[in-house]
Amino acid sequence: MIYLLPFIFLILVGCDYVEKMFVEEDLLDRPPSQRCGECHQKIYNQWMHSRHSVSWTSGEFVRSSKNRTKKKCLSCHAPLEVLPEKQPVVREKLREEGVNCFSCHYREETGSIHGPYEVFSPPHYSTYDPDYISSKICAGCHRKTYSQWKASGSDRTCQNCHMPSKKDRLIQKFPYMYFHSKKELHNHRFPALKADRKDMELSLEEKDGMVILRVKNTGIPHRFPAAQQGNPRVYITLKGISGGSEVYTETVMLTAKTGIDYMKTKEFYFFPDVKTERFSVIVERKLSYQEKREVLFTADFPD
Amino acid sequence: MRVLIALLLVFTVSYGKNLKLKDTPPELSNYYPPKSGKMEFLELMHTLSVSMTGVVVNVREKDWENAKKWAERLQRNYLRIGEMVGKWDKLLKKKEMEAVVRAVKEKNPSAVRMNLQTVGKSCVQCHKNYKLSAKVKFHSPDFTGMKLEDPVSGMKYSIEDYMKAMTDDMKRLKVYSIDGKKDRARRAGFNFIKRFEGLTQMCGECHTGKKSEDVYFGIDVEKRVTALREAVVNVDVIRIKRNLNWLSENNCGKCHNVHETPYLLREKFGRKR
């Protein structure tokens, strides 16, 4: 029965009228994200747990922007409108929401919500926009990462990896959710992901009392670690093991400036001044906002 | 000729002894970050400057209506200097400022010019005394409280301690390699390179974009570091020295000129603002 409702309307009053009748005006007036969450509950909850939602309130950001007084730091952390490949301008209201729903989806130019689908969305006008399935939509802010990605020639977009998808409904509001078919729902938690053993090719060479570790980034189509403005670090530790116990350990640190580009190899020199039987390599990281290191993967030599 | 230069030096040095930098009144810092969200005082100055031009241009063109608008704006903003920084109130030529507005209303160009000149002199006088101090205090890099993770120990260091540790590695590398102590030279060399590359942690605190970073950590520096690493591996004294010297000149030295010097000057005004 409920399915019939919209059709009855359509027949009775015509498409145009229905569109206007169900429009909730405030949705196109840059409302708080919670308002979008009334229908897009799943997406809202994911976004709430994403770094985008804390980009204005993050302690490290507040500190390093000198209490947000460095003007040049604000635009990407509380943008008005995200356009492909353009650095945004800072907005005035709701800055505490950081990179929020309307900044990524609402466009002044069309006065509508832009997204990756052709949809029937009575509460707000929508515009199908192919930029949303392209890395370009991330490029205005993740500038350095985007140019590294472009240089990599990868055919996988940022969204392919950082917005993994599942078939689901875009809205969860009863009963309207049943008027809409399931589609690919892209994870709005924007997970940082973790490099694993398969992403890096490791080899070890012993020479002249030194150990040369070579690490090739074969899996991540941008630098490892990657950053625009933050300060993520990767730690590569070499442990020497002899007679079952650890006799040597040394760590090198990579920053977003000295990290490993896609399909590039970096050499690390270690200088164990003791005899060792086996080596173990531990790769860890600390993202900009993390206090402690976390292990990404380990490798043993010989295997 | 040499004598002349020497004399000139003595002269400039003794003259230099008179170099003084007057500190700005403490209230001024209320109008700069971090206390204010904007460079409020500097913005006021730009408004003053534009208003001044507004008066001059319109008086010259005899557009008295607009001249009045700009004169009043100039007066309003000029008086704000004293409202913002109490100690500076007495430096203002308020009477002459009032006279400028009156002269514009009376359409008297020569009276405008005369009084405006006096007001203008008050601008210049204050700039002579305080502008440089303000530049140093509010526009130079501020490393206060900044911490860097030391890649060797894994601990957080102040910039000063980090620099000291890195310099120490550099000196040890020179000494041990000259003395032929290969193992120690290598360890010092690898630690130096770790710390050197670790400097790149901090640029993002203040700079956006890649261009500034690349000035001290671009492709040339990368090549030198690779060459240095090779020299360290082989404990090749000549190449170690050559590459270290290049880095000192092109990285450490240049970065110090731009960042350390103004920062040290800033510190002279004290950390508390």
Side-chain angles (χ1 to χ4, degrees), chain A residues 60-77 87 95 141 143-145 147-148 207-212 225 227-237 249-259 266-274 284 286 288 291-293, chain B residues 31-40 43 138 142 144-154 156 182-191 193-211 213-214 216-218 221-222 225-226 228-230 232-235:
Chain A
E60 257 311 279
F61 173 68
V62 174
R63 186 196 61 74
S64 55
S65 62
K66 295 251 181 244
N67 222 355
R68 309 183 186 108
T69 54
K70 292 187 187 166
K71 268 191 187 159
K72 64 178 177 184
C73 301
L74 310 184
S75 64
C76 305
H77 286 259
Q87 187 171 330
R95 286 183 175 181
C141 304
R143 304 175 81 83
K144 293 180 193 165
T145 312
S147 57
Q148 292 156 9
K207 191 174 132 189
D208 190 22
M210 276 177 310
V211 176
I212 306 169
Q228 176 63 27
Q229 204 68 47
N231 188 15
R233 278 153 286 197
V234 166
Y235 306 87
I236 301 177
T237 303
T249 176
E250 180 154 5
T251 303
V252 289
M253 182 179 92
L254 297 177
T255 67
K257 183 75 190 166
T258 62
K266 272 223 159 195
E267 285 186 346
F268 303 98
Y269 288 81
F270 296 92
F271 193 59
D273 25 23
V274 286
E284 296 165 293
K286 190 155 80 187
S288 306
E291 285 290 324
K292 286 208 184 82
R293 298 182 193 176
Chain B
Y31 308 101
Y32 285 95
K35 286 192 195 156
S36 164
K38 297 184 294 196
M39 302 258 174
E40 268 175 82
E43 281 170 24
F138 304 116
D142 184 5
T144 325
M146 221 172 100
K147 292 264 188 286
L148 276 185
E149 183 171 323
D150 177 37
V152 176
S153 67
K156 288 199 168 167
K182 286 194 169 189
D183 291 5
R184 286 171 190 225
R186 278 176 178 162
R187 176 147 312 284
F190 291 157
N191 283 350
I193 292 171
K194 281 187 199 177
R195 288 186 165 125
F196 180 76
E197 293 192 323
L199 282 173
T200 54
Q201 288 171 83
M202 66 167 152
C203 316
E205 291 253 338
C206 306
H207 293 285
T208 53
K210 198 164 160 298
K211 281 204 197 92
E213 262 174 52
D214 279 350
Y216 308 131
F217 291 95
V221 172
E222 221 172 276
V225 173
T226 307
L228 176 65
R229 186 179 283 119
E230 210 169 277
V232 169
V233 167
N234 300 318
V235 199

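In what follows, every chain begins at residue 1, and chains take the letters A, B, ... in the order their sequences are listed. Only this structure's heavy atoms are used, side chains among them; waters, hydrogens and symmetry mates stay out.
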Within a 6.0 Å radius of atom [atom1] on [X], are there more than 12 heavy atoms belonging to other residues, nucleotides or ligands?
| X | atom1 | answer |
| --- | --- | --- |
| A:Lys72 | NZ | yes |
| B:Glu43 | CD | yes |
| A:Arg293 | CZ | yes |

**Message:** Is the shortest side-chain heavy-atom distance between A:Glu250 and B:Lys194 below 4.5 Å?
**Reply:** yes

**Message:** What I'd like to find out is whether the side chain of A:Met253 reaches to under 4.5 Å of the side chain of B:Gln201, using heavy atoms alone.
**Reply:**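 Of all side-chain heavy-atom pairs linking B:Gln201 with A:Met253, at least one is under 4.5 Å.
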
**Prompt:** Picking from A:Leu254, A:Asp273, A:Thr69, which has the most non-hydrogen pairs under 4.5 angstrom with chain B?
**Reply:** A:Thr69

**Asked** Which one, A:Glu60, A:Lys70, A:Glu267, leads in non-hydrogen pairs under 4.5 Å with chain B?
**Response**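 Option with the greatest count: A:Lys70.
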
Run the salt-bridge test on [X] and [Y] with the 4.0 Å N-O cut-off and return the result as yes or no.
| X | Y | result |
| --- | --- | --- |
| A:Asp208 | B:Arg186 | yes |
| B:Lys156 | A:Glu291 | no |
| A:Lys66 | B:Glu205 | no |
| A:Lys257 | B:Glu222 | no |

**Item:** Check against side chain to side chain contact (heavy atoms under 4.5 Å, CB included), A:Asn231 and B:Met202
**Value:** CA-CA 8 Å; A:Asn231 188 15; B:Met202 66 167 152; over 6 Å; no

Does any backbone or side-chain atom of [X] lie under 4.5 Å from a heavy atom of chain A? Answer side chain, backbone, both or neither.
| X | answer |
| --- | --- |
| B:Asn191 | side chain |
| B:Phe190 | side chain |
| B:Thr226 | neither |
| B:Cys203 | neither |

**Prompt:** Does the side chain of A:Thr255 pick up a donor-acceptor pair with the side chain of B:Thr200 at under 3.5 Å?
**Reply:**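 There is such a pair between these side chains.
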
**Message:** Between A:Arg68 and chain B, with a heavy-atom cut-off of 4.5 Å, which part of the residue counts as in contact: side chain, backbone, both or neither?
**Reply:**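 Neither part; nothing is under 4.5 Å.
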
**Request:** Evaluate the side chain to side chain contact (heavy atoms under 4.5 Å, CB included) criterion for residues A:Lys286 and B:Glu149: first the C-alpha distance (whole Å), next the side-chain angles of each, then the deciding distance (0.1 Å), finally the verdict.
**Result:** CA-CA 11 Å; A:Lys286 190 155 80 187; B:Glu149 183 171 323; 2.9 Å; yes

**Item:** Separation of B:Arg184 CZ from A:Phe271 CZ (nearest 0.5 Å)
**Value:** 11.5 Å

**Request:** Report the option among B:Gly209, B:Gly154, B:Gly198 that has the most heavy-atom pairs separated by less than 4.5 Å from atoms of chain A.
**Result:**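 Heavy-atom pair counts peak at B:Gly209.
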
**Asked** Given the options B:Lys38, B:Met146, B:Glu197, which has more heavy-atom pairs under 4.5 Å with chain A than any of the others?
**Response** B:Glu197

